[in-house]
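Quick notes on the structure that follows.
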There are 2 protein chains.
Amino acid sequence: MTIATTAAEKQLDLAALRNVPGFVIRLIQLKFFDGFYETFAELGLTPATYAILMLVRDNPGVVPSSIAALLRLQLPNLTKILHQLEDAGLVKRSRSKIDRRAIEITLTSKGEKLMRDAVRLTAPYNRRMLAPLNETERSTLIGLLNRICPF
Amino acid sequence: MTIATTAAEKQLDLAALRNVPGFVIRLIQLKFFDGFYETFAELGLTPATYAILMLVRDNPGVVPSSIAALLRLQLPNLTKILHQLEDAGLVKRSRSKIDRRAIEITLTSKGEKLMRDAVRLTAPYNRRMLAPLNETERSTLIGLLNRICPF
DNA sequence: TATTGTTATACTCTATAACTATA
DNA sequence: TATAGTTATAGAGTATAACAATA
């Protein structure tokens with residue numbers, strides 16, 4: 001006989017952990033990541049590149065240090081990703097004329113097209129992840145999450 | 001002059017990303033992890049070991065495959081952690097008499113004491129992470145999160 | 001034949017230190 | 001002297017394959 005591996009089968013007591021938001025949020029985040037790859041893998045996007053490209057789309061000329069601070073990435077790690085995105089022809093890096101240490105990041109037309117495709121997949125993805133909630137509850141959740149989001 | 005690195009300083013447009021719950025949840029999760037280490041590092045706990053030990057506390061005799069399935073850990077990775085917890089004297093591993101392939105995990109008295117200490121820190125930690133919300137909003141958020149949590 | 005747990009290993013993500021060029 | 005970005009590297013977390021013991 002197989003040992004049951006789901007909470008329901010095993011009748012595990014999860015009451016304590018369910019009241020630890022950090023634990024619940026971690027499981028939800030894993031669910032969102034799994035769902036993200038199911039939805040966006042066909043575009044070659046990861047959660048990190050999606051966020052970076054969307055940030056660049058809405059803030060053309062943004063510099064790596066700003067991107068890193070907002071997305072909580074270390075600059076060395078972001079540098080590598082930006083070079084990959086440049087190699088893929090999705091972003092352009094150009095020296096700032098104001099501060100020649102800084103690199104201004106913008107989307108290429110290929111990058112813009114990719115993000116248009118990504119945007120089309122975003123609403124269905126969000127709906128699928130929040131499927132257990134009705135429209136009002138989704139809005140409430142998004143509002144509360146933004147209140148505790150660190151920016 | 002220093003290039004501003006916070007969203008507020010740079011006046012970055014984040015409207016699109018704020019409406020992507022997966023993105024907001026990722027940032028919140030990083031905040032919870034940072035806060036967790038600030039609070040629980042003195043006890044030597046990580047988010048993973050906290051969850052494992054709490055699960056074992058409430059479900060003595062639970063087997064590794066059940067823990068792994070619930071916490072979304074791969075069994076080989078959990079095996080290593082469980083051996084570390086055993087070496088630290090926090091859990092006991094004993095062969096199941098029903099299925100001699102299975103290992104039943106229980107807390108030692110040292111493990112029980114550690115989790116009593118951890119529980120004392122949990123409520124203040126949760127309150128600190130949810131500080132921007134009032135009591136009603138915290139309950140609403142926890143309820144909604146549990147609705148979309150995958151178990 | 002399938003499952004539990006283990007070992008070994010590889011891969012990704014993240015973090016840190018040292019360097020350059022610019023300010 | 002400090003900052004932006006880069007390079008190299010190390011560490012943690014996660015994933016996969018092969019195996020022994022048991023069902």
Side-chain angles (χ1 to χ4, degrees), chain A residues 1-6 9-10 26-27 29-31 33-34 36-37 41 44-52 56 61-87 91-105, chain B residues 1-6 9-10 26-27 29-31 33-34 36-37 41 44-52 56 61-87 91-105:
Chain A
M1 194 186 101
T2 305
I3 290 184
T5 49
T6 68
E9 287 177 84
K10 291 293 292 189
R26 175 175 162 270
L27 289 184
Q29 210 232 335
L30 293 175
K31 167 184 165 173
F33 266 42
D34 288 346
F36 184 94
Y37 283 107
L45 287 170
T46 66
T49 55
Y50 177 98
I52 292 167
V56 173
V62 64
V63 296
S65 52
S66 295
I67 300 174
L70 180 63
L71 302 187
R72 302 295 192 269
L73 299 170
Q74 298 300 315
L75 204 41
N77 302 324
L78 176 61
T79 293
K80 187 185 289 186
I81 298 174
L82 286 175
H83 279 119
Q84 292 168 349
L85 293 176
E86 186 182 33
D87 292 344
V91 302
K92 194 175 60 156
R93 298 161 65 259
S94 53
R95 286 276 164 198
S96 166
K97 285 164 186 162
I98 303 167
D99 182 341
R100 287 174 45 73
R101 294 170 302 182
I103 307 267
E104 295 175 347
I105 312 291
Chain B
M1 194 187 98
T2 305
I3 291 183
T5 49
T6 67
E9 286 176 85
K10 292 292 291 189
R26 175 176 163 270
L27 289 184
Q29 210 232 336
L30 293 175
K31 167 184 165 173
F33 265 42
D34 288 346
F36 184 95
Y37 283 107
L45 287 170
T46 68
T49 54
Y50 178 98
I52 292 167
V56 173
V62 63
V63 296
S65 53
S66 294
I67 300 174
L70 179 63
L71 302 186
R72 301 295 191 268
L73 298 171
Q74 298 300 317
L75 205 41
N77 303 324
L78 176 61
T79 294
K80 187 186 289 185
I81 298 173
L82 287 175
H83 279 119
Q84 291 167 350
L85 293 176
E86 185 182 34
D87 292 345
V91 303
K92 195 175 61 154
R93 299 162 63 259
S94 52
R95 285 277 166 198
S96 166
K97 285 164 186 162
I98 303 167
D99 182 341
R100 287 175 43 73
R101 294 170 303 180
I103 307 265
E104 295 175 349
I105 312 290

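These figures come from a predicted structure and were not determined experimentally. The figures here come from the full heavy-atom set of this structure, side chains too, leaving out hydrogens, waters and symmetry mates. Throughout, protein chains are lettered first and strands after them, A, B, ... in sequence-line order, and every chain is numbered starting at 1.
- Checking C:dT22, C:dT4, D:dG5 against every side-chain atom of A:R100, the shortest atom distance belongs to C:dT22.
- When each of A:R26 and A:R95 is assigned the nucleotide of DNA chain D bearing its nearest heavy atom, the one mapping closer to the 5' terminus is A:R95.
- Residues B:L27 and A:R72 are in side-chain contact: their nearest non-hydrogen atoms beyond the backbone lie under 4.5 Å apart.
- Residues A:R95 and A:R100 share a closest heavy-atom pair of NH1-O, 2.9 Å.
- Partners of B:S94 according to the side chain to side chain donor-acceptor pair (under 3.5 Å) rule, which considers only residues two or more places apart in sequence or in another chain, do not exist here.
- A straight line from CG of A:L71 to C1' of C:dC13 spans 15 Å, rounded to a whole angstrom.
- Within 6.0 Å of the NZ atom in A:K31, the count of heavy atoms belonging to other residues, nucleotides or ligands exceeds 12.
- For the pair A:F36 CZ and C:dC13 P, the computed distance is 12 Å after rounding to whole Å.
- Nearest to the side-chain atoms of B:I103 among the listed nucleotides C:dT22, C:dG5, D:dA23 stands C:dG5.
- Of the listed nucleotides (D:dA4, D:dA23, C:dC13), D:dA23 has the atom at the smallest distance from the side chain of B:D99.
- Looking at B:P64 and B:T79, their side chains never come closer than 4.5 Å, going by heavy atoms from C-beta outward.
- For the pair A:L85/A:I52, a side-chain contact is recorded, criterion being any heavy-atom separation below 4.5 Å from C-beta on.
- Taking a 4.0 Å limit (strictly below) on heavy-atom distances, residues 78-87 of chain A does not reach DNA chain C anywhere.
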Please list, for nucleotides 15-21 of chain C, all pairs of protein and nucleotide N/O atoms separated by less than 3.5 Å.
residue: C:dA15; atom: N7; partner: A:N77; partner atom: OD1; Å: 3.3
residue: C:dA15; atom: N7; partner: A:N77; partner atom: ND2; Å: 2.9
residue: C:dA15; atom: N6; partner: A:N77; partner atom: OD1; Å: 2.9

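- Look at B:S65 and you'll find a side-chain N or O under 4.0 angstrom from OP1 or OP2 of C:dG5.
- Rounded to an integer number of Å, the gap from CD1 of A:I98 to P of D:dG5 is 13 Å.
- Between A:I81 and A:T49, some side-chain heavy-atom pair lies under the 4.5 Å cut-off.
- Atom CZ of A:F33 and atom C1' of D:dA15 are 16 Å apart (whole Å).
- For the pair A:I67/A:L78, a side-chain contact is recorded, criterion being any heavy-atom separation below 4.5 Å from C-beta on.
- Straight-line distance from the CD atom of B:Q29 to the C1' atom of C:dT14: 14 Å, rounded to whole Å.
- No side-chain donor-acceptor contact under 3.5 Å links B:R26 to the backbone of A:F33.
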